[in-house]
Number of protein chains: 4
Amino acid sequence: MGAKANRTEKHILAKAREIFSKKGFKSVTMQDIVDACDISRGGLYLHFSSVEDIFLAVLKAEDSNSADSSTLSSDEGESESDLSQGINVSTEVSASDRFASFLKEQKRFILRRKDGLSLALMEYYSGHSASPDDNYIKNRFDNCIITIEAIVSDGVESGEFECEDIAGFARNLAYVLEGLKTMASVISISEQAVDKEMFYVLQGIVPVDQYTN
Amino acid sequence: MGAKANRTEKHILAKAREIFSKKGFKSVTMQDIVDACDISRGGLYLHFSSVEDIFLAVLKAEDSNSADSSTLSSDEGESESDLSQGINVSTEVSASDRFASFLKEQKRFILRRKDGLSLALMEYYSGHSASPDDNYIKNRFDNCIITIEAIVSDGVESGEFECEDIAGFARNLAYVLEGLKTMASVISISEQAVDKEMFYVLQGIVPVDQYTN
Amino acid sequence: MGAKANRTEKHILAKAREIFSKKGFKSVTMQDIVDACDISRGGLYLHFSSVEDIFLAVLKAEDSNSADSSTLSSDEGESESDLSQGINVSTEVSASDRFASFLKEQKRFILRRKDGLSLALMEYYSGHSASPDDNYIKNRFDNCIITIEAIVSDGVESGEFECEDIAGFARNLAYVLEGLKTMASVISISEQAVDKEMFYVLQGIVPVDQYTN
Amino acid sequence: MGAKANRTEKHILAKAREIFSKKGFKSVTMQDIVDACDISRGGLYLHFSSVEDIFLAVLKAEDSNSADSSTLSSDEGESESDLSQGINVSTEVSASDRFASFLKEQKRFILRRKDGLSLALMEYYSGHSASPDDNYIKNRFDNCIITIEAIVSDGVESGEFECEDIAGFARNLAYVLEGLKTMASVISISEQAVDKEMFYVLQGIVPVDQYTN
DNA sequence: AATGAATGAGCCTTCATTCAT
DNA sequence: TATGAATGAAGGCTCATTCAT
């Protein structure tokens, strides 16, 4: 694939991402994408053969993006997979800080629903029972749990946190975050509401209140 | 409206509900409903003017149903609005029992996603920023919290539960349930997984383990 | 199906037949048919779901037509299946007359290539290896042979014809007719050329020349 | 035109011939040819400006081939124009042998419909009423008749054949062959069926049976 | 009230052809 | 010469909606 084609595809995916985040998956048409990209009908088909094809490419790009952004928070393309961002810097950083960072990231994602593919993902997977491995939402959820467990586990060791059932706590928090994402994608949710919720969860493991956004 | 028309409409709404729960909102066509109802195209338009019209009628019927169902459990169409079912029976029932009943109901709803309008609701409201009052999802969520607060509050009074932040607990549980619903609608989720999660939440307020499904 | 729909379908098939005979099968588009029928796109799809669907319906109509037309030669819709027309009137008619009638019919079909579906049939079956039973061309060919055999056999009995290998003669004539049809559909062929050919074949079985068109 | 261009064109035509023989004329796209030739879109247009252009070039190449092949039998691409092959070797060969050779060639062509351009030719000429001179099918047919006449004429002179109406016989056989080709291109036809037909025709002129495939 | 044929807009997909590199 | 990205026209299919019966 030539450099030109590559550039075109990146452009298409960027535009398509915006559209998916705005309209979900089901209502997006090839026409929508053609219009947004200022490209010809045939030109689009040269690169992608269907809306689904484009959507999956967008998801793949999300993953690559989040892999890259572990060191530098880019001003655009904040992705849902940034969940673990900030935890692999170095072990010198306290678990509390890492947890705060994690929650801040989640909060940002929850509130900026314009950037979110949640709705699109639900619409897509609800009609495409994909193999577990391919299921973006499940993977995201599982990774989220793993990240939480890692952080809390470290925190318990260092005495920063108190938690008897780390796995339970992680799962619980993951569901709360998922619930927040769902609600945010449908009704508008205030920053305070998110803060309140995260604060509540933190209380369960932090002996002394350390969380301030 | 004659009795006959009324019966026809009820029939249409019942069939439409099934379709919405299976396909969501966006993918449902008038043809789908015509086919399922064994009615003519023109006949359907005599009663409803669009898919949206039908969907809103289905939601309204849901509400009536759940209002009715406090006394009578309808034979089909267990609805998402049944959340509060079981709390207004009588105060003689213990809070624990009511809570167990509530959770059981939630669990059933989470697992039987076939009966659920969650996806349809998300699809509909994500594109129809309705006035807060009309927002079915928000209302459902708020009612869920109120129900939980009421039960837990009673339970604390009677000594069955221990909880310092009832509002926080209720909100937290509501989000967990919402998260479970989301995950269930996208990936398949086992009964054990739901049990585990509910058990985890209960631990937070129940001094002695009382929850068994 | 209501009477109206039935009329529409007949109209569509009549127009479609003209188109197929003019353009063959492969180049015919739904658009062509829509234009010719003065019907809407959707209207056409209400009755037929594809060009193939219409083509097969045209063939079926051909068969019905030819079955009907055994007594009365209609002014339109002369079909390729009229081969046997005129032979089942009564046994009082001499074999020679019946053969003459048969050949006249064949000649008419060969020359009026505008009415012929030969090209369309070839294009269709070359890409749709149908089951032998469904193969219109094969059936037509086989019926043609049977008809010839029957007539010649009668003629031999009555002393009108002389033929030692009736089956061979019938097959040979059938191939000649097929060859004439093919050539006529591609290059223009004169009436004289057809006459000459038929006369040649007749010579093989007729002691005294009886064939005049 | 450089030698390289020449080689490229030959390669294109060879591949195109295969495609035309498989798909006929109408269904062949530039893309089909591009794919088969492992050439670029633009590259193909450098040599040929349309599918029709390529098809005509294929036909022209056929003719050259068959002219050449009177001395050298090409390893592939047995062409329909090989009809006359074998008759211009030398007059020392008996007419019977030459006729047998001719029929064998025809038989091979009829049975190996994969190699045949019949369908493509019909599709092409049916929509392009070409001037008589350019009509490949008519020319082929006429040449076929001439060849037969020549052979039979020699055979009659040498006493090998008996035939009063040589022209009639030749025409008749040509039509039979054409009919066989048509049937073979649409339904599958067995070697026995072809043999039977050729044997029947031969009986008309051969006093003693000499034909064995 | 009810039917279902008909309409036309909208989106999907493919293809011949052009053109900058 | 050669490449392959891009274009736009053409045709396919579906759907909400209307309307004569």
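Proteins come first, then strands; the chains are lettered A, B, ... in the order of their sequence lines, and each starts at number 1.
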(request) Fill in the dot-bracket string of DNA chain F, one character per base: . for unpaired, | for a pair to another strand, ( ) or [ ] for pairs within the strand, taking Watson-Crick or G-U pairs under 3.5 Å. (result) .||||||||||||||||||||
(request) From the options F:dT1, F:dT7, E:dA2, select the nucleotide whose nearest atom is closest to the side chain of A:I39. (result) F:dT7
(message) On DNA chain F, compare the nucleotides closest to C:D32 and D:D38; which residue's is nearer the 5' end?
(response) D:D38
(request) Would you give the length of the straight line joining atom CG of A:L44 to atom NZ of A:K15, rounded to the nearest 0.5 angstrom? (result) 14.0 Å
(message) Nearest to the side chain of B:S40, heavy atoms from C-beta on, is which of F:dA5, F:dA2, E:dG4?
(response) E:dG4
(request) Return the minimal non-hydrogen interatomic distance between C:G24 and C:A120, and the atom names on each side. (result) C-CB, 3.6 Å
(request) Whole angstrom is fine here: how far is it from CG in C:L44 over to P in F:dG11? (result) 14 Å
(request) Send over the distance from A:R7 CZ to F:dG4 C1', rounded to a whole Å. (result) 14 Å
(message) Here's a test of your reading of the structure: between A:V28 and C:G43, which maps to the more 5' nucleotide of DNA chain E?
(response) C:G43
(request) Measure the distance from NZ on C:K10 to P on E:dA5 and round it to the nearest whole Å. (result) 16 Å
(request) Return yes when atom NZ of C:K26 has more than 12 non-hydrogen atoms of other residues, nucleotides or ligands closer than 6.0 Å, and no otherwise. (result) yes
(message) Using whole Å, what does the distance between atom P of nucleotide E:dC12 and atom CZ of A:F48 come to?
(response) 15 Å
(request) Starting from P on F:dG4, measure out to CG on A:N6 and report it in whole angstrom. (result) 15 Å
(request) Considering non-hydrogen atoms only, spot the tightest contact between B:R140 and B:S118 and give its length. (result) NH1-OG, 3.9 Å
(request) For B:I137 and B:M122, work out which heavy atoms get closest and say how close. (result) CD1-N, 3.9 Å
All N/O contacts under 3.5 Å from nucleotides 17-21 of chain F to the protein, with atom names and distances to one decimal?
residue : atom : partner : partner atom : Å
F:dT17  : OP2  : B:S49   : O            : 3.3
F:dT17  : O4   : B:R41   : NE           : 2.8

(message) Just the rounded figure in Å: distance from P of E:dT13 to CG of A:D53.
(response) 11 Å
(request) Please answer whether the main-chain N or O of A:L59 pairs with a side-chain N or O of A:Y136 as donor and acceptor at a distance below 3.5 Å. (result) no
(message) Work out how far the C1' atom of E:dA1 is from that of F:dT21, and round it to whole angstrom.
(response) 13 Å
(request) With the side chain of C:Q31 defined as its heavy atoms from C-beta on, choose the nearest nucleotide among E:dT3, F:dG11, F:dA2. (result) F:dG11
(request) Round to a whole Å and report the spacing from CD of C:E52 to C1' of F:dC13. (result) 16 Å
(request) Any pair with a residue in residues 33-52 of chain B that passes salt bridge (Lys or Arg N to Asp or Glu O under 4.0 Å), sequence neighbours left out, goes on the list, sorted by first then second residue, please. (result) none
(message) For A:Y124 and A:F25, take the angle between the two ring planes, folded into 0 to 90°, and tell me which bin it lands in: parallel under 30, tilted 30 to 60, perpendicular over 60.
(response) perpendicular
(message) From CG of C:L46 over to P of E:dG8, roughly how many Å is that when rounded to an integer?
(response) 14 Å
(message) With a cut-off of less than 4.0 Å, is there a side-chain N or O of B:H47 near OP1 or OP2 of E:dA1?
(response) no
(message) Using every non-hydrogen atom in the two residues, find where B:V51 and B:T29 come nearest and quote the distance to one decimal.
(response) CG2-C, 4.0 Å
(message) So does B:V28 get a backbone contact from the side chain of B:D32, meaning a donor-acceptor N/O pair under 3.5 Å?
(response) no
(message) Please tell me if D:T29 has a side-chain N or O lying less than 4.0 Å from either OP1 or OP2 of E:dT14.
(response) no
